[in-house]
Amino acid sequence: DNALLYARKSDSITRQYKIEELVPYVYLNIGDIFEKKNMLDSALAYSYKCLEKSKAIENDLLIGTALNNLGNTYSKMGMLTPAHDNYLEGLSHLEKSNDFSIYTESMLGLAKIYEQQGQMDSALYYGRQSYNIARHNSFMVNAFEASVLISRIFKKQSQIDSSFAYQES
């Protein structure tokens, strides 16, 4: 796969030229590629490597993004408790970094977990937060995904008018 090939080349370059400040980004990228390819054990390993390096340099954006990736990976594995905990921990770091794209993704991840657990009030809370922040910042893909989730929850609760409103906005 080309994405993984070039990510590994980036890893090789950072090591060869001892560009330590880029190492967490490389780990983050490789972990994300493995997560998208459903190679979840490898995704976890690289996301944890990124998290460790990011904490060492106290980079809130990287810490929050690594925690989001861990949440995504654990969620795919059906391990909702560690997914929830990683998403939640990541939110404070992402908020400090003012990166609201990953922030809305983490909030949406939490909303999906609450939906799976049958905690619809919490699912709606985090889904609406994700939707509103995404819309405000023109993150249209995130806003769309949040609106689909919110609509689905309203349909489950037989609130068809509310469901339609989120699909239209």
Side-chain angles (χ1 to χ4, degrees), residues 3 6-7 10-11 13-14 18-36 40 43-77 79-117 119 121-153 165-169:
Y6 282 95
S10 296
D11 186 32
I13 290 168
T14 58
K18 297 179 170 86
I19 311 171
E20 282 300 311
E21 64 271 14
L22 295 182
V23 171
Y25 291 95
V26 171
Y27 289 159
L28 184 68
N29 190 28
I30 293 173
D32 191 49
I33 292 167
F34 279 131
E35 186 252 325
K36 300 290 187 271
L40 302 180
L44 287 177
Y46 276 94
S47 293
Y48 275 116
K49 285 180 181 185
C50 174
L51 182 59
E52 180 184 329
K53 292 278 189 185
S54 301
K55 284 182 175 181
I57 61 173
E58 299 178 359
N59 184 318
D60 283 312
L61 175 58
L62 282 171
I63 293 168
T65 305
L67 290 164
N68 177 71
N69 286 6
L70 288 166
N72 290 344
T73 304
Y74 279 121
S75 185
K76 277 188 170 183
M77 297 171 91
M79 300 173 69
L80 300 184
T81 299
H84 172 274
D85 295 348
N86 280 288
Y87 284 136
L88 205 55
E89 184 182 345
L91 288 177
S92 65
H93 294 282
L94 292 166
E95 192 169 26
K96 285 187 237 174
S97 76
N98 289 319
D99 184 302
F100 293 105
S101 175
I102 304 299
Y103 185 85
T104 60
E105 186 181 324
S106 291
M107 294 200 78
L108 185 59
L110 281 170
K112 289 176 181 178
I113 288 171
Y114 287 126
E115 179 191 23
Q116 289 177 10
Q117 294 173 333
Q119 297 178 41
D121 288 343
S122 295
L124 280 172
Y125 172 79
Y126 283 100
R128 283 179 171 147
Q129 292 287 82
S130 178
Y131 175 81
N132 290 333
I133 294 168
R135 282 289 305 245
H136 178 75
N137 289 283
S138 299
F139 304 138
M140 301 321 287
V141 171
N142 296 27
F144 174 76
E145 289 179 13
S147 74
V148 169
L149 172 89
I150 294 165
S151 178
R152 184 172 61 241
I153 292 168
Y166 271 94
Q167 285 297 333
E168 291 296 306
S169 63

Can you name the residues that form a side-chain hydrogen bond (donor to acceptor under 3.5 Å, both in side chains) with [X], not counting sequence neighbours?
{"X": "Q119", "result": "Q117"}
{"X": "E145", "result": "none"}
{"X": "Y87", "result": "N72"}
{"X": "S47", "result": "none"}

Could you tell me which non-hydrogen atom of [X] sits nearest to which non-hydrogen atom of [Y], and how far apart they are?
{"X": "P24", "Y": "S54", "answer": "CB-OG, 3.8 Å"}
{"X": "L94", "Y": "S106", "answer": "CD1-OG, 3.7 Å"}
{"X": "G127", "Y": "A146", "answer": "O-CB, 3.8 Å"}
{"X": "E115", "Y": "A123", "answer": "N-CB, 3.6 Å"}
{"X": "A134", "Y": "A143", "answer": "CB-N, 3.5 Å"}

Exercise. Do the rings of Y114 and Y126 sit parallel, tilted or perpendicular, given the 30° and 60° boundaries?
Worked result: parallel
Nearest 0.5 Å, what's the [atom1]-[atom2] distance between [X] and [Y]?
{"X": "Y103", "Y": "N68", "atom1": "OH", "atom2": "CG", "value": "12.5 Å"}
{"X": "M107", "Y": "N142", "atom1": "CE", "atom2": "CG", "value": "12.0 Å"}
{"X": "L44", "Y": "K76", "atom1": "CG", "atom2": "NZ", "value": "11.5 Å"}
{"X": "K49", "Y": "L28", "atom1": "NZ", "atom2": "CG", "value": "13.5 Å"}
{"X": "L80", "Y": "I113", "atom1": "CG", "atom2": "CD1", "value": "5.5 Å"}
{"X": "L22", "Y": "S10", "atom1": "CG", "atom2": "OG", "value": "9.0 Å"}

Show me, pair by pair, the donor-acceptor contacts under 3.5 angstrom made by side chains of residues 57-67, not counting sequence neighbours?
| residue | atom | partner | partner atom | Å |
| --- | --- | --- | --- | --- |
| N59 | OD1 | L61 | N | 3.1 |
| N59 | OD1 | L62 | N | 3.0 |
| D60 | OD1 | H93 | ND1 | 2.7 |
| T65 | OG1 | L61 | O | 2.7 |

Exercise. Given L91 and L110, is the side-chain contact (heavy atoms from CB on, under 4.5 Å) satisfied, shown in steps?
Worked result: CA-CA 10 Å; L91 288 177; L110 281 170; 3.6 Å; yes
Exercise. Does D121 CG have over 12 foreign heavy atoms under 6.0 Å away?
Worked result: no
Listed by chain and number, what are the ring-ring contact (aromatic ring centres under 6.0 Å, His included) partners of [X], not counting sequence neighbours?
{"X": "F34", "result": "Y46"}
{"X": "Y74", "result": "none"}
{"X": "F139", "result": "none"}

For this session: Check whether any side-chain N or O of S151 sits under 3.5 Å from a backbone N or O of V148 as a donor-acceptor pair, and report yes or no.
Result: no
Exercise. Taking the side chain from S130 and the backbone from T104, do they hold a donor-acceptor pair closer than 3.5 Å?
Worked result: yes
For this session: Under the side-chain contact (heavy atoms from CB on, under 4.5 Å) rule, what do L149 and R152 come out as? Steps first, then yes or no, please.
Result: CA-CA 5 Å; L149 172 89; R152 184 172 61 241; 3.0 Å; yes
Seminar exercise, completed: Sequence neighbours excluded, the answer for salt bridge (charged side-chain N to carboxylate O under 4.0 Å, His left out) partners of E95 is none
For this session: Identify, with sequence neighbours excluded, every residue that meets salt bridge (charged side-chain N to carboxylate O under 4.0 Å, His left out) alongside D99.
Result: none
Problem set entry | With sequence neighbours excluded, residues passing side chain to side chain contact (heavy atoms under 4.5 Å, CB included) with K36 | D32
Exercise. For A3, what residues pass the side chain to side chain contact (heavy atoms under 4.5 Å, CB included) criterion, not counting sequence neighbours?
Worked result: D1, I33
